[in-house]
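Sequence lines set the chain letters: A, B, ... in the order given, protein chains first and strands last, and positions in each chain run from 1.
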2 protein chains.
Amino acid sequence: MDGETGRRSGKTGRQEQIIADLRLYPAMRVGELADRLGVSAETIRRDLAELDERGLINRTYGGAMRPVVYEPGLAEREGLMIAERQRIAATAAGEIAHNDILMIGGGATTLHFAHRIAAVQQPLTVITHAFSIAMALSVNPLIKILMLPGQYDGREGLIHGADTIDALQHFRANTAVLGASGLTVEGPNDAAVGPGLIYGAMMRRAARTLVLADHSKFDRPSLTVYGPWSSLVTLISDAAPQGDLADAIASCGAAVSLA
Amino acid sequence: MDGETGRRSGKTGRQEQIIADLRLYPAMRVGELADRLGVSAETIRRDLAELDERGLINRTYGGAMRPVVYEPGLAEREGLMIAERQRIAATAAGEIAHNDILMIGGGATTLHFAHRIAAVQQPLTVITHAFSIAMALSVNPLIKILMLPGQYDGREGLIHGADTIDALQHFRANTAVLGASGLTVEGPNDAAVGPGLIYGAMMRRAARTLVLADHSKFDRPSLTVYGPWSSLVTLISDAAPQGDLADAIASCGAAVSLA
DNA sequence: ATTTATATGTTGGGATACAGTCATAAAAAG
DNA sequence: CTTTTTATGACTGTATCCCAACATATAAAT
């Protein structure tokens, strides 16, 4: 058998080269690659099929492109909740006042929120760890955008790490605006530890927190609970939670606002 | 005439929809788009050609992909020095060794450099204030990317300010890799004060500095001189400086490396 | 040495993309 | 209302892609 003997033939090396090329150019065609690597187009196609399978590239008609890292939640965008998220974002935007200091976490819903507040002519200060949020807000010169330091994770488009948490301790905000991968009786959840720690820290440094989540997140546990329900939290959603989740939220004094 | 009357027909709206779709899916085929939008494939092709022209999408064989753009200095990249910059970036990349700690400044040339080193399989740590650099490097998981804190400037895609300078004092690097708007006898220049201060701080915190600049920058004064020529500086360019500039560089002990 | 598995090239058929040209409908300009 | 511009669809010939089947050469396994 084989079992990873390295480059038994030119195959492994060639596939590595394809990936390297794709780092340099965002998309390449089959013919190009065949020429560059001196093999037939069919061989390239087979390589691409394999690499695509492993998620190392994205196949396109006629060639391949660099894999998309940077999707705000590859899994998340699937749900067609776009309209719901827009409404949630609009409702949340209504909660923001002139000269507020905000902390905004990453995610698809908070990005919608950022687009909303960027469209309003009001001075704000925003502290964030998400590239997408900063880029969305930067169209409005009235908004002062402070980026947190830390290690950049290209897959999520976010910064996180100990430096990030540390830097947050130097700030205070009126409002933290956070998304969630799931909502459980213990509190809002996130699918990754690093970002979760940041959301928790943001909650503690803000006078109040808005949690933006559509109803598909109800009772959906994710990796980590980043913070508790409390009287400082307002959940903004498109439907009211039911059962245990509703009880937990109410008994902790958290508010629910429907979009 | 027309002159931006909005959607005289479905064209504008349809093109916006294409861009929106492309935000959701990184690549789409002509046929898909034609179906989704209920127009003929020819119309889609014309739309794509137009959007590609304007840089809003990237055309691929059989469809279109999300633009990888995000080039800082839309104005700057216009200059046809792309080939020169590529060579300069390649030469600079050859100076980098395994496990180096780099500080990389913003700019078109340093972005080329970032793409180069991202294509090499070697572990590195990179400290930067430029979104484009971080995003370019993030395709390579061997590279640890540390973002500096500070205020985000969306026009340049960079972070700067007092916090940024302050954070730099906590780091040390082997090499600073910096671009320049101009080179004068006093040293490399930059067109903005904020970034210039950062480049100066990076120089002081790095054991050596590579200045990447094509020959069009020679003797071109810009707003601020961000650092002096010294024996710790290597200028990497596509041509040798002449006259006073060459004398100044040589007398300070700085090296010149031709790409 | 023989067998087996893997990697690659070649070929052919069917589908798709592309560029150019022409025709038509709708909108803007006069 | 007529003319002109713009947007779009339809058609055609050529180039490209994709997939499947087959052939071959090399490397591993027995």
request  = Would you mind reading off the distance between A:Leu48 atom CG and C:dA7 atom P, rounded to a whole angstrom?
outcome  = 15 Å
key: A:Arg45 and A:Glu42 ion-paired at < 4.0 Å   = yes
message = Between A:Arg59 and A:Glu53, does any NZ, NE, NH1 or NH2 come within less than 4.0 Å of an OD or OE carboxylate oxygen?
response = no
message = Check whether B:Thr43 reaches the backbone of B:Val39 with its side chain - one donor and one acceptor, N or O, closer than 3.5 Å.
response = no
Do any N or O atoms of the protein come closer than 3.5 Å to N or O atoms of nucleotides 12-16 of chain C, and which pairs are they?
{"from": "C:dT16", "atom 1": "O3'", "to": "B:Arg29", "atom 2": "NH2", "distance (Å)": "3.2"}

message = Assuming nearest nucleotide by heavy-atom distance, tell me which of B:Asp47 and A:Ala41 is located more 5' along DNA chain D.
response = B:Asp47
Least distance between heavy atoms, B:Ala93 atom then B:Arg116 atom = CB-CB, 3.9 Å
note = Rounded to 10°, the angle between the first-five-pair and last-five-pair axes of the helix from C:dA1-D:dT30 to C:dG30-D:dC1 is 30°
query = Closer to the 5' end of DNA chain C via nearest nucleotide, is it B:Arg59 or A:Gly38?
reply = A:Gly38
message = Minimum heavy-atom separation for A:Pro195 and A:Leu158, please, with both atom names.
response = CG-CD1, 3.8 Å
remark   = Between the CD1 atom in B:Ile88 and the CG atom in B:Leu210, the distance rounded to the nearest 0.5 Å is 12.0 Å
Residue pair B:Ser222 / B:Asp190, side-chain donor-acceptor N/O under 3.5 Å = no
ask   = Taking atom P of C:dA17 as reference, at what distance in whole Å does atom CG of B:Leu33 sit?
value = 11 Å
message = In this structure, how many angstroms lie between the C1' atom of D:dC17 and the CG atom of A:Asp52, rounded?
response = 16 Å
Gap between atoms CZ and P, on B:Arg46 and D:dT6 respectively (whole Å) = 14 Å
request  = Could you check how far CD of A:Glu32 sits from C1' of D:dA15, rounded to whole Å?
outcome  = 16 Å
Any B:Ser40 side-chain N or O less than 4.0 Å from OP1/OP2 of D:dG9 = yes
ask   = Looking only at atom types and distance, does a side-chain atom of A:Thr110 sit under 3.5 Å from a main-chain N or O of A:Gly105, one as donor and one as acceptor?
value = yes
request  = List in chain and number order the residues that pass ring-ring contact (aromatic ring centres under 6.0 Å, His included) with A:Tyr226, two or more places apart in sequence or in another chain; answer none if no residue qualifies.
outcome  = A:Tyr199
